[in-house]
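To start, the structure itself, in structure tokens.
Here is the naming used below: chain letters follow the sequence lines, and residue numbers restart at 1 for every chain.
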Amino acid sequence: MTEDLSLRDVRLQKLERMRELGHDPFRIERFDRTHTAKQMLDEFEEGKKIKFAGRVHSYRLMGKAGFAHVSDGDDKIQCYVRMDQVGDTAWELFKLLDIGDHVGVSGYLFVTKTGEKSIHVEEYVPLTKSLQPLPLGKEKDGHVFYGLADVDLRYRHRHLDLICNQEVRRTLINRMKITSAVRRFLDRRGYLEVETPILQLVAGGAMATPFVTKYKAYDLDVKLRISLELYLKRIICGDIPKVYEIGRVFRNEGVDNRHNPEFTLLEFYEAYINLEEVMVIVEEMFKSVALEVFGDTKVSVAVDPNEEVADRSKHDEEAKGEPVVLDFGKPWHRLDLMSALEERAGVTREELSEYESAKKAMERVGLPTEKENNLGGIIEKLLEKFVEPTLIEPTFLVGYPIETSPLAKKDPNNPKMTRRFEGYVRGREVCNAFSEINDPIDQRERFVQQMAQRESGNDEAHPLDEEFLFALEGGMPPTGGCGIGIDRMAMMLTGASHLREVLLFPTMKPTKPGEETATEGAEA
RNA sequence: GGGCCUGUAGCUCAGUGGUAGAGCAUCGGCCUUUUAAGCCGUUGGCCGCGGGUUCGAGCCCCGCCGGGCCCA
């Protein structure tokens, strides 16, 4: 932005002046710190000698002395600098300070007249000159001038968001800790973390539209993976009985408050366990992660009344718009999908046993039916509309229709249904698990049915993967598997209401065609 | 794709048809314990872009481009 140039130019001039004074901040490589800001404040000891470094958040110059608040990211502490203490050169350098610069100080702790724990600076060293103004929030007469409120700018320039907004910083740090706690949970249980190809000839394991790119060397179209499933099961076929992967998957679809085109998926597979055991693992994982990251299994979240649709008002009238406490220390609710539909969508089990009657029922409850060409699709729509929004507390919904579950074992009691569950929290899907098909004949039939759907125009139908079938034919043990959206999980555990709040760099529309990020003030 | 809201100084925002504003930030002064300090002065705008209505548009109308929320 051209408007920035003058501000930036001023700072460049200050940098030049610093160099004239014999101090080029960019030549410094290291600075020894003895304490963090938090340590100094918590374990305050008058007169204690310390060394500290951080970013300047505020700056008040008063003739021959001055104050600055310096933050190490987690906390900040006030520094008091006097000309007669630090010497003429350092004082000149201090006068060239801007908010946003990094500085190092040594000195001793003291309490100011007004009672603030501070550092009395004896040596002052500029460590970095910030050339861009920092939109730090400011408070004046009770009015808060929030530094960085523009949502778009916050996501595009996340580093500014991390510097200026403590809440954002906490949420994102917690999200990273959640990922790492998930790893520890699975590692502790003897799972092996693996890595599988991101570029795939057949993007399977889910029903979604992939991104397409090219292998130059083979002159081949390849797709970015939409799930981790098929490769992980091939590893199970290779007799590694407990595996997981945490990685990015890519779906070429819409962007909204619960979808990002690329997101972090965890999938774990374990041989010889059934669906019920997978549920317990999910419960224990959420509990363990919540305890490890937050020291508590309870999360208080505001349930947005706008999220409520249809029947939610009937079920949780009293909870509408009120904060809800989710307890991941308790077992999740278990709910049969068909029963839930009968109860909450106003349709009967019998109606949902055939395509034609299901379509009529769907019309009756007021949903458009033009695009529905199979029973499973109708069931999923009803579920989405009438059941999902009511699942606020952690709930497993069990038993999904066969048409939309091409990788899950058939339910021995009902050939139209599968051994599959999804976990929901705050009306959002957080996990999806199957008793995995290990019958290669059944699996091939399912793929063939999916190909038929693809023929009839469903681009998201599951593709047929011969290599995967070949692996199944080698013999896969009975296996339970589960996929968990780590970003969604982080939303649930941090109480965030938008997926973007738990992604460091959410996908954004470029500001100009062909431009990925704005590089303001840069001279190319 | 539809509805509602939104785009004004570096940041946060006011400004409902009549000379573009405030706070903070910037810059220049004064100030050796301040509380995002204070005082004096200063700088800074294609009011998102393009058309239209009008004597006159930041404001009204149309289109486009961003962004947000909701719905599909």
P atoms of B:G1 and B:C59, separation to the nearest Å: 27 Å

On RNA chain B, nearest-nucleotide positions of A:Leu61 versus A:His120: which is more 5'? A:His120

Going by an N to O cut-off under 4.0 Å, is there a salt bridge joining A:Arg175 and A:Asp487? yes

Selection from B:A36, B:A72, B:U32 that lies nearest to any side-chain heavy atom of A:Asp84: B:U32

Need one value for A:Tyr59: base, sugar-phosphate or nothing, where a base atom within 4.0 Å counts as base even if backbone is also close, heavy atoms only. nothing

Under 3.5 Å on both distances, the Watson-Crick or G-U partner of B:A20: none

Between B:U26 and B:C62, how far is it from one P atom to the other, in whole Å? 43 Å

Starting at NE2 of A:His157 and ending at C1' of B:G10, how long is that distance when rounded to a whole Å? 12 Å

Is there a side-chain contact between A:Asp336 and A:Met338 in this structure, where contact means two heavy atoms from C-beta onward sitting under 4.5 Å apart? yes

Send over the distance from A:Trp91 CH2 to B:C31 C1', rounded to a whole Å. 10 Å

Taking atom C1' of B:U34 as reference, at what distance in whole Å does atom CD1 of A:Ile77 sit? 15 Å

A:Tyr59 vs A:Phe94 aromatic rings, parallel, tilted or perpendicular, using cut-offs 30° and 60°? perpendicular

Considering every strand and a 4.0 Å limit on heavy-atom distances, what is the contact class for A:Ile99: base, sugar-phosphate, or nothing? nothing

Nearest heavy-atom neighbours spanning A:Ala203 and A:Lys223: CB-CB, 3.9 Å

In Watson-Crick or G-U wobble terms, with both distances under 3.5 Å, the base opposite B:G63 is B:C49

I need the CZ-C1' distance between A:Arg60 and B:C39, as an integer number of Å. 17 Å

A:Arg500 side chain near B:G68 phosphate (N/O to OP1/OP2, under 4.0 Å): yes

From the set B:U34, B:U26, B:U32, return the single nucleotide nearest to any side-chain atom of A:Asp98. B:U26

Using the P atom as the point on both nucleotides, what is the distance between B:C61 and B:G7, in whole Å? 14 Å

According to a strict under-4.0 Å criterion, is A:His498 in side-chain N/O contact with OP1 or OP2 of B:G68? no

Rounded to whole Å, please give me the gap between CD in A:Glu46 and P in B:U33. 17 Å

Out of B:C11, B:G10, B:A36, minimum distance to the side chain of A:Pro135 belongs to B:C11

Rounded to the Å, how far apart are A:Met508 CE and B:G67 P? 7 Å

Can you tell me which nucleotide in B:U34, B:A72, B:G68 comes closest to the side chain of A:Lys385? B:A72

Which heavy atom of A:Met491 sits nearest to which heavy atom of A:Arg428, and what is that distance? CE-NE, 3.8 Å

Using Watson-Crick or G-U wobble geometry with both distances below 3.5 Å, tell me the partner of B:G1, or none. B:C71

Under 4.0 Å between any heavy atoms, over every strand shown, what does A:Gln78 touch: base, sugar-phosphate, or nothing? Just pick one. base

So, do A:Glu342 and A:Thr348 sit near enough that their side-chain heavy atoms are less than 4.5 Å apart? yes

For B:C27, does OP1 or OP2 lie under 4.0 Å from any side-chain N or O of A:Lys14? yes

Same-atom distance (P) from B:G45 to B:U34, integer angstrom: 37 Å

5' precedence on RNA chain B between A:Lys113 and A:Arg11 (nearest-nucleotide basis): A:Arg11

Take atom CZ of A:Arg156 and atom P of B:G66, then tell me their distance rounded to the nearest Å. 10 Å

Out of B:G68, B:U33, B:G10, minimum distance to the side chain of A:Phe110 belongs to B:U33

Expressed as a whole number of Å, how far does the P atom of B:C49 sit from that of B:C55? 25 Å

With rounding to whole Å, what would you report as the distance between B:C27 and B:G17 at their C1' atoms? 36 Å

Heavy-atom distance under 4.5 Å between the side chains of A:Thr112 and A:Gln78, does that happen here? yes

Should the pair A:Phe67 and A:Tyr80 be assigned to parallel (<30°), tilted (30 to 60°) or perpendicular (>60°) ring geometry? parallel

Which whole number of Å gives the distance between the C1' atom of B:C46 and that of B:C39? 36 Å

Please state whether the phosphate of B:C30, meaning OP1 or OP2, lies under 4.0 angstrom from any side-chain nitrogen or oxygen of A:Lys64. no

Mind checking the C1' distance from B:C24 to B:G50? Whole angstroms is fine. 34 Å

With the side chain of A:Leu7 defined as its heavy atoms from C-beta on, choose the nearest nucleotide among B:U34, B:G10, B:A36. B:G10

Between B:U34, B:C27, B:A36, which nucleotide gets closest to the side-chain atoms of A:Val10? B:C27

Rounding to a whole Å, what distance do you find between A:Leu153:CG and B:U6:P? 19 Å

